[in-house]
Structure formats: structure tokens, C-alpha cells
J.: 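Can you keep this structure in mind? I'll have questions shortly.
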Amino acid sequence: MIYYTFFCTTTLLIMFFFSLTGEKKDRVQRRLSRFLNAEGLHHIKSKSEMESTPLLRRTLYPLIHELRRSFSRKISEEKEAQIETKLLQAGSPLGMTPVDYRLLQISCITVLPLIFGTIAFFSIGELILILLMIFLGFIMGLLLPAYYLQIKTKERSRQALRELPDVVDLLTVSLEAGLGFDSALSKLISNKDGILSREFHRCLEEIRLGKTRREALKGIRHRLLVDEISILISSILQAEKLGISMVQILRIQSHEVRQQRKQRAEEAAMKAPIKMLFPLVLFIFPSLFIVLLGPAVIQFITTFAKQ
């Protein structure tokens with residue numbers, strides 16, 4: 001009964017605090033809109049809209065927003081740039097920002113040791129094992145977000161490498177038709193969807209915002225950790241610097257990319273028998289031995305038992 005009363009009192013105090021702050025903000029906005037005639041600038045929620053908003057959203061969202069804003073001030077610019085680079089290489093999974101990623105790290109470091117420790121406390125009960133499980137949860141919480149980003153980065157790089165030959169062919173055909181490089185990129189973006197087309201779309205947007213073509217293309221090389229794409233970007237930049245025909249460079253790159261894809265397919269085909277060896281030895285061969293030698297073993301046992 002005491003815990004229930006404490007919980008109800010705490011909940012009512014939180015609701016009263018947020019309703020009081022909301023009323024103060026509404027009162028200030030009404031005064032400003034009355035004196036400055038700026039109803040369009042200060043959008044005031046009506047009472048019906050506030051009542052239609054769920055209670056959980058009205059209580060938790062302001063807390064989360066305030067926590068993100070206060071936490072963003074504590075991250076240094078260098079650390080934020082490093083995290084943002086990793087998120088861009090992973091394709092910004094779940095729309096995370098550097099602040100969200102740091103909050104995810106802190107949540108994993110905090111929550112996983114508690115979960116592991118609680119499970120160990122109720123299942124094992126020994127202090128040493130509980131501490132060991134808490135330490136294991138801390139290590140997992142420390143490594144899990146970085147491992148997730150690493151998996152997403154590898155998956156994104158693999159998908160981009162799979163799209164590369166078609167992208168290079170489409171760029172080559174567009175340039176041979178007489179289009180400029182930027183127009184060829186626009187044609188690629190409009191006709192093909194994928195990771196590389198989105199990256200080139202971002203490149204074009206950066207060029208329109210004032211970046212040079214060299215800086216925008218280098219940004220693609222930093223966001224996609226694929227050697228073939230880095231070689232392609234370097235070749236384009238070198239051709240632009242030396243005044244070499246872009247069509248000739250892309251034609252050579254298209255041939256090399258397709259040769260490399262053929263070599264990767266042959267390599268995967270040569271690795272297949274070695275990978276199949278382990279399930280054969282562990283699962284299929286024992287079953288075959290049981291089927292083939294089982295009757296003979298049973299016959300030997302019955303024969304020796306009669307003697």
C-alpha cells in the first residue's frame with residue numbers, strides 16, 4: 001500500500017508540473033500574440049488538441065527532448081564529428097544523430113548490466129556469479145552499439161559494391177550520349193534507386209550548396225568504405241584534374257569492375273566446397289554411417305550374444 005501511494009503521488013506531481021509549465025507557456029504565447037499580432041508565428045494548441053494527445057507522449061517526450069538538448073551540449077565537436085562519420089558510413093540507421101547514438105550507448109551500458117544482474121540474482125544467487133554477469137552485461141552494452149554499426153556498414157558496403165557495375169555502365173552511356181558529368185549523375189539518380197544513387201544525389205546537392213566537385217566526390221569515398229568505389233572516385237578526380245576524357249576512364253573502370261565481380265564470383269565458388277565440408281562431416285556423414293553400418297553392427301551384436 002505504501003509503494004502504491006508513493007507511485008500515485010509521484011505520477012500526480014509529474015503531471016501537475018508539466019501541466020503548470022504548459023499553462024505558463026500558453027499564457028506567454030497568448031500575450032505575445034495579442035501585443036505583437038503574431039498568431040501565425042506562435043502556434044497555440046487548442047484544448048481539444050491537448051486532450052487528444054496521449055498522456056505518455058505529453059509526459060515522456062518533453063523529458064526526452066530536454067535530455068537530448070542538455071546532452072548535446074556536453075559532446076565535443078570532434079567526438080560528434082567522429083560519431084557522425086560512423087553513422088553516415090552505416091547509412092544513418094534508424095535516423096540516429098550523434099546525440100541519439102551516445103544516448104543509446106549510455107542506455108545499453110546502464111540497462112544490460114541491470115538485466116543480467118537481475119537474472120543472475122533470481123536464478124543463481126551467488127555473489128561472484130552475479131558480479132560476473134553484471135560485468136558481462138557492461139561489456140556487451142559497451143560493444144553492442146559499435147558492433148551494430150559495423151554490421152550495418154558492411155551490409156551497406158556490400159550492397160553498394162553489388163550496384164557498382166550497373167551504375168558505372170549507366171554513367172558511361174550517359175556521357176557517351178553527350179551529357180555532362182553532372183547531367184549524367186542526374187540521369188543516374190532519376191533512373192536508378194539504391195545506395196550509390198542516393199550518395200550521388202547527396203553529392204549533387206552538396207555541389208549546388210557551394211562545395212566543389214572534388215570535395216563532394218571525396219565525401220562519397222569517405223562514406224562508402226569500398227576499395228572499388230574509392231578507385232573509381234580517384235580515377236574521376238584524376239581525369240578531371242588532367243583533362244582526360246571522362247568517357248574513356250569510365251569505360252576502362254566498367255571493364256575492370258566487371259572483371260573484379262567475375263573474380264569474386266569465382267572465389268566464392270571455390271570457397272563453397274570448403275564451407276560445405278563442415279556440415280558434411282558434422283551432420284551428413286554420421287547419419288550415413290548410422291544408416292549403412294547400423295544393421296551390420298546390430299547383426300554382429302546379436303551373433304556374438306548367441307555365442
J.: Examine the side chains of Q105 and R102 and answer whether a donor and an acceptor come within less than 3.5 Å of each other.
T.: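 Yes.
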
J.: Quick check: do C108 and P145 have side-chain heavy atoms less than 4.5 Å from each other?
T.: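 Result yes, sub-4.5 Å side-chain heavy-atom pair found.
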
J.: With heavy-atom distances below 4.5 Å as the criterion, would you say the side chains of I284 and P279 are in contact?
T.: no

J.: Mind checking the CG-CD1 spacing from L164 to I231? Nearest 0.5 Å is all I need.
T.: 10.0 Å

J.: Heavy atoms, side chains only, cut-off 4.5 Å: are F116 and I130 in contact?
T.: no

J.: Could E199 and R223 be called an ion pair, given the rule that one side-chain N must be under 4.0 Å from one carboxylate O?
T.: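 Here E199 pairs with R223 in a salt bridge, since their nearest N and O are under 4.0 Å apart.
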
J.: Is there a side-chain contact between L250 and L232 in this structure, where contact means two heavy atoms from C-beta onward sitting under 4.5 Å apart?
T.: yes

J.: Considering only heavy atoms from C-beta outward, does the side chain of L94 approach that of Y148 to under 4.5 Å?
T.: yes

J.: Would you compute the distance between atom CG of L217 and atom SG of C203 and round it to the nearest 0.5 angstrom?
T.: 4.5 Å

J.: Does a side-chain N-to-carboxylate-O contact under 4.0 Å join R208 and E205?
T.: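 Between E205 and R208 there is a salt bridge, with a charged N closer than 4.0 Å to a carboxylate O.
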
J.: Counting only heavy atoms not in N191, do more than 12 sit closer than 6.0 Å to its CG atom?
T.: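 Result for CG/N191: enclosed.
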
J.: Looking at R251 and E256, does any basic side-chain N land under 4.0 Å from a carboxylate oxygen?
T.: no

